[in-house]
Amino acid sequence: MDAAATLRAKQQMAYEAERTAPPEGFPKLADIPGSRYVDPEFLALERSRMWKRAWLYAGHADQLPNNGSWFLNRNTGSPILIVRDLEGQIRAFYNTCQHRGAPLVTEEAGEGRGFVCGYHGWSYTLTGKLTAIRDRRDFVDLDFACRSLVSVRCETLGNLIFINEDPEAQPLLEHIAPMADELKQYAFDTLRLVESRSYEVNCNVKVLLDAFLEVYHLKSIHQSTVDRFLDYRGMTITLWPQGHSRMITPNRRPDWKDPGTIGMPKVESVTEVPANNNVSYCIYPNFIMPPSDSGIPLLQFWPVSDTTARVVSTWIAPDYDPENPHPKWAARTANWERILYEDLQYAPQIQESLQSPGFRGMPLNYQERRLYHWHEELDRRIGLNQVPPEHRVEQLLAPFVDG
């Protein structure tokens, strides 16, 4: 964040802390229909029109330590191979042999100079080209050039790997502009993978996402953790195009530092506001990142079924040595997990309520406008005229989107 953006963020936080009502002209937000969380027809539209066309975090470059390294990602609902080819380029393909659909790999990760299908022995290079088949004499006019592995769009943000199953998708960095320039300060190309953990939760994925797009809940479920040092009333929000957003929550004391991070290596290029406040970015639809200058958790929220979800919590950090980690890492990740469990605790019961006649819709407030922005974008990606009227969200926040 440059000097002008820093000043603007400070002024916005001061304004939020002192205001007595929403800003003049802010609209009354229409209720979010509860059916968007449970209706099979709507959820099918969401899967096909949004999830299968979105830029989604797939992994970290440290998971591909050498040319020839690969790992398997199933979080999108499709089996996708992430590969570092022999020239060092990161690529992605469906883990699907072009003969009869058998998997090319059955392990979660590995290394090699190519792929050989275990079913009938078809062989492919790390760039996806079909190079050899068994009993070629029995195939009539088989064109190898037409039988390459099916590629998946794959682009990087420093060491962060993103994939998109839509071959016509806008390039990643264009898609997340103007956030992309602000994210440069975190030097993602220098940050190492610390760990990754996953959690299965019995609820629709949006129940989980909702909790991480606001701080309205801090004084209820985080009383003994983050509410002790964050001033949620000073929280300020920036809404960006394409559903992306940023939330900045000031510390209660400007000079407060997390004692669990003092002495840990830092990213020196991180600017004043994220270094001294709680900043949280959302790369639409499911990537939540609250960075600090000494380590960054990357949260991803994945739909497993209409009523189950997976949360993946990944940490990256500067100068991390997996053979000799900083002694504060164990306590830091344990504290983070404690906070995460606080956020997840009510999700299964919320899902029960969503499926009952007792829930009809969500009346959101000004603090919760990131949720409304998220749902507006979902309808735009599905197609406003494709969303059945009873599930539709009124488009209200365009005048409050920056960029």
Side-chain angles (χ1 to χ4, degrees), residues 1-3 5-6 9-10 57-66 69 71 84 88 90 109 156-162 173 176 179-198 212 225-226 228-230 246-283 287-300 311-340:
M1 300 175 74
D2 60 21
T6 297
K10 290 180 176 180
Y57 176 75
H60 190 280
D62 280 358
Q63 295 172 255
L64 303 171
N66 304 307
S69 296
F71 66 88
R84 189 185 295 276
I90 297 176
T156 57
L157 183 63
N159 282 334
L160 310 185
I161 304 167
F162 286 78
L173 294 183
I176 65 173
M179 188 195 306
D181 285 340
E182 185 171 317
L183 294 181
K184 291 177 182 177
Q185 66 184 301
Y186 301 108
F188 290 128
D189 58 336
T190 69
L191 302 187
R192 301 293 308 279
L193 179 64
V194 177
E195 66 163 36
S196 192
R197 305 181 190 184
S198 64
F212 290 83
T225 54
V226 292
R228 293 185 296 110
F229 53 85
L230 291 184
R246 181 191 65 204
M247 178 170 62
I248 305 174
T249 309
N251 292 328
R252 291 185 180 276
R253 296 197 342 251
D255 62 343
W256 184 85
K257 298 291 183 183
D258 183 351
T261 67
I262 294 173
M264 300 185 79
K266 296 189 180 298
V267 181
E268 298 299 334
S269 54
V270 172
T271 56
E272 177 184 354
V273 169
N276 298 322
N277 300 274
N278 183 274
V279 177
S280 181
Y281 298 93
C282 172
I283 296 180
F287 184 86
I288 304 293
M289 182 182 73
S292 77
D293 55 3
S294 59
I296 302 177
L298 313 174
L299 284 168
Q300 313 115 61
V311 184
V312 180
S313 174
T314 303
W315 275 91
I316 58 176
D319 301 328
Y320 179 77
D321 181 358
E323 302 299 322
N324 185 30
H326 192 281
K328 288 190 173 181
W329 267 115
R332 187 174 185 181
T333 53
N335 288 338
W336 169 256
E337 188 170 60
R338 176 188 174 192
I339 296 167
L340 191 59

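Positions are given from 1 along the sequence. The shown structure was predicted, so the numbers you read here are calculated from the model rather than taken from an experiment.
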Using distance alone, with no hydrogens and no angle criterion, decide if Thr333 and Trp315 have a side-chain donor and acceptor under 3.5 Å apart. no
Strictly distance-based, threshold 3.5 Å: is any side-chain N or O of Asn159 a donor or acceptor partner for the main-chain N or O of Asp189? yes
Minimum heavy-atom distance between Thr249 and Asn277, given as atom pair plus value: O-CB, 3.7 Å
Pick out which of Asp62, Asp319, Asp321 makes a salt bridge (charged side-chain N to carboxylate O under 4.0 Å, His left out) with Arg192. Asp62
Rounded at 0.5 Å granularity, tell me how far SG in Cys282 sits from CZ in Arg246. 13.0 Å
For the CD atom of Gln63 and the OG atom of Ser196, what is their distance to the nearest 0.5 Å? 7.0 Å
Strictly by modelled atom types, are Gln185 and Thr271 linked by a side-chain donor-acceptor pair under 3.5 Å? yes
How far apart are the closest heavy atoms of Ala275 and Val270, and which atoms are they? N-CG1, 4.0 Å
What I'd like to find out is whether the side chain of Phe188 reaches to under 4.5 Å of the side chain of Pro291, using heavy atoms alone. no
For Ala61 and Ile161, work out which heavy atoms get closest and say how close. N-CD1, 3.9 Å
Any side-chain heavy atom of Arg332 sitting closer than 4.5 Å to one from Met264? yes
Is there a side-chain contact between Met289 and Leu183, using heavy atoms and a 4.5 Å cut-off? yes
For the side chain of Asn251 and the backbone of Pro254, is there at least one donor-acceptor N/O pair under 3.5 Å apart? no
Would Leu157 and Tyr57 satisfy side chain to side chain contact (heavy atoms under 4.5 Å, CB included), going step by step from the backbone distance to the final call? CA-CA 10 Å; Leu157 183 63; Tyr57 176 75; over 6 Å; no
How are the rings of Phe229 and Trp256 set relative to one another: parallel (under 30°), tilted (30 to 60°) or perpendicular (over 60°)? parallel
Could you pull out the closest heavy-atom pair between Ser69 and Leu64, with the gap in Å? O-CD2, 3.4 Å
Nearest heavy-atom pair of Trp329 and Gly295: which atoms, and what distance? CH2-CA, 4.4 Å
Enter the distance from Thr261:OG1 to Lys328:NZ here, rounded to the nearest 0.5 Å. 6.5 Å
Spatial distance of atom OG1 (Thr314) from atom CG (Leu160) [nearest 0.5 Å]: 9.5 Å
Considering only heavy atoms from C-beta outward, does the side chain of Ser280 approach that of Phe212 to under 4.5 Å? no
How far apart are the C-alpha atoms of Leu340 and Leu299, what are their side-chain angles, what is the distance that settles it, and do they pass the side chain to side chain contact (heavy atoms under 4.5 Å, CB included) test? CA-CA 10 Å; Leu340 191 59; Leu299 284 168; 4.1 Å; yes
Straight-line distance of Leu193 CG to Tyr320 OH, nearest 0.5 Å: 8.5 Å
Minimal non-hydrogen separation, Tyr186 against Pro274, with atom names: OH-CB, 3.3 Å
From Lys257 atom NZ to Ser292 atom OG, the distance as rounded to the nearest 0.5 Å: 10.0 Å
Less than 4.5 Å apart, side chain to side chain, heavy atoms only: is that true for Ile283 and Phe162? yes
